[in-house]
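The structure under discussion appears below in the form of C-alpha cells.
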Amino acid sequence: MNTTLQIDGLDMFIVFTLAFLVILLLLMTMSRQEAKPRIVKPDIKTALICTSCGTKTIREFREGDYISKEADNEKCPRCGGPLVVDAIYTEQLPTKP
Amino acid sequence: MRVMLDNLILQLDEGFGMFLNAFYILLFAILIFYGQRIQFHLSMMEMGGILKQLFFMASHARKTSLDEIKKYSDDPNIEEKMDRLLNSFVIFPESMDPAGIVKKVEHIMNIREARFLEDVRRMITKEIDESRLWNYSNMLEATLVLNLIYKVIEHYYLLAKKTKNFFLMAQLQMIVPLIFNEAKSYLLAIEAFRLGTPIGDTIGPYVVHKLLNDGKTEVIEKKTDYAKDTDLYIAERNNRRIYVIKARGPGGNVGKPGEAIKKVLSRAKKGNEKIAGIIMIDAALKLEGEKTGTVAEGVGAAIGGIGVEKFKIEEAATKYSVPLYAIIIKQSIAEAISTMKKEIVDSTSEVIRRIDRILNNEMEEGSVVIAGIGNTIGVP
C-alpha cells in the first residue's frame, strides 16, 4: 500500500509539473502578444564651446541646434565670449523602445 | 475501520493510476499526431503579438511624421499625400544583361530621390528652410521603411496562416527577432530626423568638418555644389594641398561623393597635379563583440549605399592609379541611424590623428583627397 501511494505521488508531481509548464508557456506567449513597445525619448545633450577661451559647457539639446551654430543669447560662463555648438550627442540609447 | 479506510484508498489509488496511464497514452497520441499543429498555433500566437507591435511602431511613425509635417502645412489632403508617399516603390532595372547596369541604377535612383523630395515639398504649404525639408524627407523615408517591414511580415504571417504552413511560420519566427530589432532602430531614426540631430552615420562629415575647423587647416576656397548636394573645400594642412569633400548640410543629405571624387581626380590630371591618395572616412557596422566608436583602418572605398557612388570611386581611383585609404568608425545599425552616441563623438580626435599620420608619414608627395562619407544631418 505504501509503495502504491509513493508511485501516485510521483505521478501527481509529473502531472502538476506538466500542467504548470503548459500554463507558463501559454502565459509567456500571451504576455508577448499583449506587450506594446514603449517609446522612450532619447536624452540629447548639446556641447557648446567658447570661441574666445575654449571653455566647454553642456546643456540639453534645443530644436534648431546644429554643429558650429552660434548659440543665441548664451555667453561663456567664464569669459562672456560667444558660444558655438561643438557636438550633439546622446549618452546612451534607450534600450527598450 | 482502519483496514476499510486503507482498502478504500487503495481502490482510489488504483483507479487514479489507471486514469493517469490512460491520460499519458492519450497525451502521447495527441503529441504524435497533433504536435506540429500545436506548435504551429503557438508560433502563430507569438507572431501575431510581434505583428501587433510592428503595427504599433508603423502607426506611431506615421503619426509622428504627420504631426511634424502639419506644423508646416495647411493642406487638407495631407494624409492622402503622405499615404501615397509611404506606399511608393522603386522598380530596379533588369540585370539579365549586367553591362551598363550601374548607370541604369543611378538614373532610377536619381529620379526616385528627386521625386521623393518634390513630393515632400508639395506637402508643405508654409515657408520652410531647405535643411528642415531634407530632414523631413529622411524622416518620411524611415517611416516608409517601417511601413514596408510591417507589410512584408504581415504578408508572410497571413500566407502561413492561410496555407497552415508550419515551415513558413517557423522561418518567420526565426527571422523576425532580427527584423524587429531593425524596426526599433528605424523608430529611433525618426526622432533623430525630426529633431535634425547628427546620427551615427554623420561621423564621416563630422570628422572632416572638425578637420577643417581645428585651426591647423587653412581653407583656401569653398566650392558649393561641386557635385549634386556636395561641397568641396580646397585647403592646406601640414604643408600639403587637401581636397575635402562632404555632403552639403546641415540638412539630412548624403550627397554624391563619388561624382565629386571623380571630378577632382579628372581635373587634377588635366592640370598635371599629382594626387597622392584618397582618404575616406565612414561609419561601419560593428560586430556584436566590438565596442562602439572603435576606429579601424584599411584600404578600399569606404562607402555604403546602393553601390553607384562606390563604383564611381573605384573606377576613378583605378583609372588614375590613386591609392584608396579607408578609416572606419564602428557602430551598430541602431547607433548608425539614431542620434550620435558620445563614444562616436569621442572617436573624432583619434580619426584626425590617424589622418595626420597618413598625411605626414605614409603618403608620397602630392595633393590628397579627404572624403567624409555619410548623412551630414546637423553638420553644415
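The chains referred to below are lettered A, B, ... by the order of the sequence lines, with proteins before strands, and numbering in each begins at 1.
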*Side chain, backbone, both or neither: which part of Asp86(A) has a non-hydrogen atom closer than 4.5 Å to chain B?*
both
*Looking at Leu18(A), Ile44(A), Asp65(A), which has the largest count of heavy-atom pairs under 4.5 Å with chain B?*
Ile44(A)
*asked:* Heavy-atom count check: over 12 atoms from other residues, nucleotides or ligands less than 6.0 Å from Phe166(B) CZ?
replied: yes
*Are more than 12 heavy atoms from other residues, nucleotides or ligands located less than 6.0 Å from atom NZ of Lys126(B)?*
yes
*Could you tell me which of Thr197(B), Asp129(B), Leu27(B) has the largest number of non-hydrogen atom pairs under 4.5 Å with chain A?*
Thr197(B)
*Check Glu91(A) against Lys341(B) and note the closest heavy-atom contact, atom names and distance.*
O-CE, 4.2 Å
*Contact origin within Ile88(A) toward chain B - heavy atom pairs under 4.5 Å*: both
*With a 4.5 Å heavy-atom cut-off, do Tyr206(B) and Ile67(A) have their side chains touching?*
yes
*With rounding to the nearest 0.5 Å, note down the distance linking NZ in Lys41(A) to OG1 in Thr339(B).*
11.0 Å
*Please say whether more than 12 non-hydrogen atoms of neighbouring residues, nucleotides or ligands are located less than 6.0 Å from CD in Glu74(A).*
yes
*Contact class of Val379(B) relative to chain A, heavy atoms under 4.5 angstrom*: both
*Would you say Tyr24(B) has more than 12 foreign heavy atoms packed within less than 6.0 Å of its OH?*
yes
*Contact check, side chains of Met340(B) and Thr90(A), non-hydrogen atoms, under 4.5 Å*: no
*Any idea which heavy atoms bring Phe61(A) and Leu195(B) closest together, and the distance?*
CZ-O, 3.7 Å
